[in-house]
Amino acid sequence: MIPVEFDYVKVTSIDQAISALKAGGEDAKIISGGQSLLPVLRLRMAEPSVLVDCGSIDEMLGVRDDGGSITIGAATTHHGVMNDPLVQEHALLLAQATATVADPAIRHRGTTGGALAHADPAGDVPAAALALNASFVIAGPGGRRTVAAKDFFLDYFTTAVGPDEILVSFSIPKCDWGSHYSKFNRTAQAWAIVGAAAVVNVQGGVIKEARIGLTNMAPTAIRASTVEAALVGASSAAQITAAAMHAADGTRATSDLHAKADYREHLARVITARAVRAASGI
Amino acid sequence: MTTAVETETALGKPIRRKEDAHLLHGQTNWTDNIQLPGTVHMAILRSPMAHAKITKLDVSGALAQAGVVAAYGAKELGDLNGGVPCVWPVTDDIKMPAFPALAIDKVRQVGDCVAVVLATSAAAAVDALDSIVVSYEQLPAVTDMEAALESGSALVHDEIETNACYVYKMPCGDYEASRAKADVVVARRFINQRLIPTFMEPRSVVAAPMGMSDEITIWSSTQIPHVLRVLLALVTGIPENNLRVVAPDVGGGFGGKLQCYREEILVTNLAKKLGRPVKWTETRSENMVATHHGRDQIQDIEIAATKDGKILGLKVTLLANMGAYLQIITPGVPLLGMFMYPAIYKMDSYDFTCTGVFTNKTPTDAYRGAGRPEATYAIERIVDELAAEIGMEPMELRKKNWITHDEFPYTTVAGLTYDTGNYEAATEKALAMFDYDGLRAEQAQRRASGDPVQLGIGISTFTEMCGLAPSRTLGALKYVAGGWEHCTVRALPTGKIEVVTGTSPHGQGHETAWSQIASSILGVPVEDIEVIHSDTGRSPYGMDTYGSRSLAVGGQAIKAASERLVEKARVIAAHQLECSASDLEFINGSFQVKGDPSKSQALGAVAFEAFTAHNLPPGVEPTLQAEATIDPVDFSYPHGTHLAAMEVDTETGQVKVRKYVCVDDVGMQVNPMIVEGQVHGGVAQGIAQALFEGAEYDEDGNLLTASLADYLIPSAADLPSFDTGTTVTPSTTHPLGTKGVGEAGTIASTPAIINGIVDALRHLGVTDVAMPASPQTVWRTIQAAKEGAK
Ligand SMILES: Cc1cc2nc3c(=O)[nH]c(=O)nc-3n(C[C@H](O)[C@H](O)[C@H](O)COP(=O)(O)OP(=O)(O)OC[C@H]3O[C@@H](n4cnc5c(N)ncnc54)[C@H](O)[C@@H]3O)c2cc1C
């Protein structure tokens, strides 16, 4: 539980961060809240030579209103995100998902950007980011680029952020649809066995549109597109349940100690229905 | 003779715990906080394999690393590799394989110690482990108890030619005759799964030669400093009078620190060899594999009864997993349960057999309740199954068979004599608190409407035996130690009191409770009493803390020593007041001449006289202190009724404890707040076994639940608010009327939870749910029942 020796650099601007990463070479790593990285180091599953701490870069902290969307600095803590008034008003699903991450101590240290960059398939935030159509600002030696949510999560613990790049912030188009995050886990502090993040546009008691992200049903968070399509026009609990029967379509659930794949698929159907019902009020 | 007149006494008051301010304000002194100049840190290379030959081991590479002081494998360690002791050879022909601290030629569990490095920093020691060269030749791992007993199975210990450690039998009455008479025989197999104690503070030990003398002081995060001192002396050959063992603040134990561990032996031996302090603190990862585990029994239980619900006999056949080696009381744990399978029920016969089995897993040993949770689980589950079989209300079946309050003292079929108890009173109170009838009505309604969330009621009417134990009884069971406890009470010349106890608290609140007992007898305020414990240098005699014994046994010693001190003081006071001792009464800490309250002397003044010794009566020695070493006359038998309302989401298999009511009878309560705290923690730990915890291995003997991400322990967020109540039926074999409370909640709650889940699902055809009742397990059980019904 003692990591291999490493250097530590604290930077105050994106430019400094990029140079520090470059100077550190292949083994350099960004550290934000350290809540995922430090356990990995302590178990000696990774041995970076230098950690670049981005927690004091102003641009990466806090939430701002950009008119049609809100922008969240990647180094904002889970605690800061879930309690932010702009997030609560315009991206409630993100607050709901973030509130289920670990426990208060970890939410005070861990960052939402760190969770997204880490891209744990069992992490709660990526599914919400997918359902909310987030876009990601990535800075690197070649400048900045913006990546849509659907192109951000590439594989198991892999995102569009390259080894010499930094996730600066992510933006969410303002969304006033009903929302709900259903997390299925065994203890309050445990990781999700399955999670379903839903935003639903209901007009006159009828679902016009729905976007659903699933946690831990594939190597990355994924959209439940078949369910989304089947939900259009639904106006009863039975119709929602029927639509949610497609929740496991196109997924690649794995088996572990807490759930075999068939049980995960079953859970995905049940909790997707529950998330949509809670989000839609139907 | 008049003894203390109890006027205003602290006994029985829910006063706040003295030790809490220190614990809550970060003023604790954990073993790992101890920093001695010149300390070397030990790191351990552990086996990644469950069963393998060590074909090569070369530690020389480690010696070349920065900061490294020494490195050893078994060969280099030679005769400092002293065997881990087992003090409970339960049968004459028990197989007791050697258990060297560092594995010799072969490893037998993941986590077995292979080599150690000592370096000037913990980081340097860990880094240098990479430079040790070791090769293994993997052998087939023995992981399944039944397969282990088949001929041709791979052997954990070749030299003993079997994986059977022992077979213990206790036939009581003629079970076959009972069975022949019975209308109904219900048989079940229950798996009491393997648990990991997961106390909050991992183990840590520091040993240091003290320089000015030959003394070696050992600080260890242990429950048993006194027992550990004896064992370390025997194992290391260091004279006992040169060993001092201190248990500083200890962050939980639950039986997991009732042990003489290989790491404690290594650190002690190496401190002596190197002539400098040696320190080792386990990581959580090591803790999961290297601290002993608990439970792990296959329980075949059969109950014979008449069709109207009279229990006739019980047969219990156990396979108990020892793991790879025998530790301090590994073989004995199932025997602590042996007496308790008949529990609160009257019956004609009881037949018990237990086979201890070696496997390539972490050794098992005591874990909160040790044997009794297993027994209570099996009997309370089978009684529910019998009720279902004969179509009787489970509580009615219990009432029909339990010992009634007017039948005490009652000698059970297993040969124990329960002194007191009132199962009717505890049950009546629990039922009222629970709204039993209301919940049964809701259950019926949910069943009728086919609600996806079903409701069940789980009952556990338990008793247990604790306060280990009359020494003579322990001897008869071949346990190599006594069950007594010691106390010295000193009245200091300045009026303060020292209570020196042989118990060793690690969260239980002894400082407060022992002060309350002494205060009630000495008439001295609780604040003026200091309880000294957990240091063999300051408290030389004791048998430490486990098995809910501290109050039940140690409390008696506090009482007896305090009373003896009052009697000695009385003689001195009479001399000072120029009267006869029988003319004095002792009120609120002061001796008063009967009928003349103006003539009096406070205990503190008597202590001062005893200190100056200027004017003592003839034959009375200076100083005011008294000792008592008490051997209990019997176990104590707390009991209670626990009720759980369980909601089961049949769509996902997730269960929720909606309501938990328990009424415990632990006899006289020295501090009801501490009693409540012990019940809360115990109930949580028992629910944890039912719903969350379970150590799982793969076929190769790798621990799969090797971190707290996979081995799930519940927090407050996962548990309901417990409704606790008590009844008070004082023990008659314990002078304070107390019984133990440390394990009661853990023993009682597990079957209440599982009975509740099964009750919720019985109409679907479910007759058992395996522990831990995870959502997946419950869901699959429901699916299987539905399939079966088709
Ligand atoms: C006990 C425990 C329980 C947990 N339970 C949950 C849970 O239930 N649900 C859940 O979702 N999460 C859980 N987490 C993880 C938690 O959400 C972490 O906070 C989060 O995954 C990582 O955020 P961080 O700021 O701590 O990142 P760090 O640990 O600092 O970094 C994580 C990874 O992301 C990279 N990184 C960080 N920031 C950036 C950036 N700005 N740009 C590029 N790369 C970056 C790092 O290099 C590293 O590889 C748990 C963690 C713990 C310790």
Side-chain angles (χ1 to χ4, degrees), chain A residues 1-6 35-36 38-45 47 99-100 102-106 120 122-123 182-196 237 241 244-245 247 253 255-275 277, chain B residues 41 43 66 119 121-130 202 281-288 452 649-656 687-688 691-698 703-719 772-780 782-783:
Chain A
M1 288 289 172
I2 302 176
V4 168
E5 199 169 310
F6 55 81
Q35 296 305 295
S36 292
L38 284 182
V40 168
L41 300 194
R42 285 158 80 73
L43 292 166
R44 298 196 167 199
M45 284 155 52
E47 305 189 351
T100 71
D103 57 39
I106 288 165
D120 191 316
S182 252
K183 175 172 179 171
F184 193 87
N185 53 4
R186 285 185 57 194
T187 61
Q189 296 176 56
W191 292 83
I193 293 176
V194 180
T241 305
M245 289 307 285
S255 292
D256 61 25
L257 273 180
H258 305 301
K260 291 217 169 69
D262 65 328
Y263 178 58
R264 269 209 165 83
E265 290 170 358
H266 167 75
L267 283 179
R269 295 180 197 109
V270 175
I271 69 162
T272 297
R274 290 182 184 180
R277 289 191 58 193
Chain B
H41 299 260
S121 75
V126 174
D127 285 345
L129 292 179
D130 287 344
T281 298
E282 82 181 340
T283 64
R284 183 59 71 184
S285 304
E286 285 182 292
N287 176 268
M288 301 304 280
D649 181 339
T650 57
E651 289 177 352
T652 62
Q654 195 149 47
V655 301
K656 183 177 143 197
I687 294 177
L691 298 182
F692 302 110
E693 298 186 23
E696 297 208 32
Y697 284 82
D698 68 12
L703 181 66
L704 300 174
T705 51
S707 84
L708 293 177
D710 288 317
Y711 188 87
L712 296 183
I713 53 175
S715 68
D718 304 299
L719 300 165
S774 70
Q776 176 170 242
T777 297
V778 173
W779 182 74
R780 289 198 194 282
I782 296 168
Q783 301 312 305

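We name chains A, B, ... by the order of the sequence lines, and we start the count at 1 in each one. Quantities reported herein were computed from a predicted structural model and do not represent experimental measurements.
Heavy atoms of B/T705 lying under 4.5 Å from chain A belong to its backbone as well as its side chain. Looking at B/E651, both its backbone and its side chain come within 4.5 Å of chain A, counting heavy atoms on both sides. Using a 4.5 Å cut-off between heavy atoms, B/A122 contacts chain A through both its backbone and its side chain. The parts of A/L257 that come within reach of chain B are both its backbone and its side chain, each placing non-hydrogen atoms under 4.5 angstrom from that chain. If you measure heavy-atom distances from A/L43 to chain B, the contacts under 4.5 Å come from the side chain alone. For chain B, no part of A/R264 is nearby; none of its heavy atoms comes within less than 4.5 Å. Neither the backbone nor the side chain of B/D698 comes within contact range of chain A; no heavy atom of the residue lies under 4.5 Å from a heavy atom of that chain.
Heavy-atom pairs under 4.5 Å with chain B peak, among A/H266, A/K260, A/R42, A/M1, at A/H266. Ranked by heavy-atom pairs under 4.5 Å with chain A, the first of B/P714, B/P772, B/A709, B/P775 is B/P775. Top candidate by heavy-atom pairs under 4.5 Å with chain A, chosen from B/L708, B/T777, B/L704, is B/L704. When the candidates B/L691, B/T283, B/I713 are compared by the number of heavy-atom contacts under 4.5 Å with chain A, B/T283 comes out ahead.
Taking both residues in full, the closest heavy atoms of A/T187 and B/F692 are given as CG2-CD2, 3.6 Å, listed atom of the first, atom of the second, then distance. Among all heavy-atom pairs drawn from B/A717 and A/A188, the shortest one is CB-CB, 3.6 Å. Of all non-hydrogen atoms in B/T652 and B/W779, the two that sit nearest each other are O-CB, 3.7 Å.
A donor and an acceptor atom, one from each side chain of B/E282 and B/N287, are located under 3.5 Å apart.
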- Pair B/S715-A/Q189, side chain to side chain contact (heavy atoms under 4.5 Å, CB included): steps then yes or no: CA-CA 8 Å; B/S715 68; A/Q189 296 176 56; 3.3 Å; yes
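Taking the side chain as every heavy atom from C-beta outward, A/E5 and B/D127 never approach each other to under 4.5 Å. Under the 4.5 Å side-chain criterion, counting only non-hydrogen atoms from C-beta, A/R44 is in contact with A/V4.
Note: A/F184 and A/Y263 have perpendicular aromatic rings, judged against thresholds of 30 and 60 degrees for the angle between ring planes.
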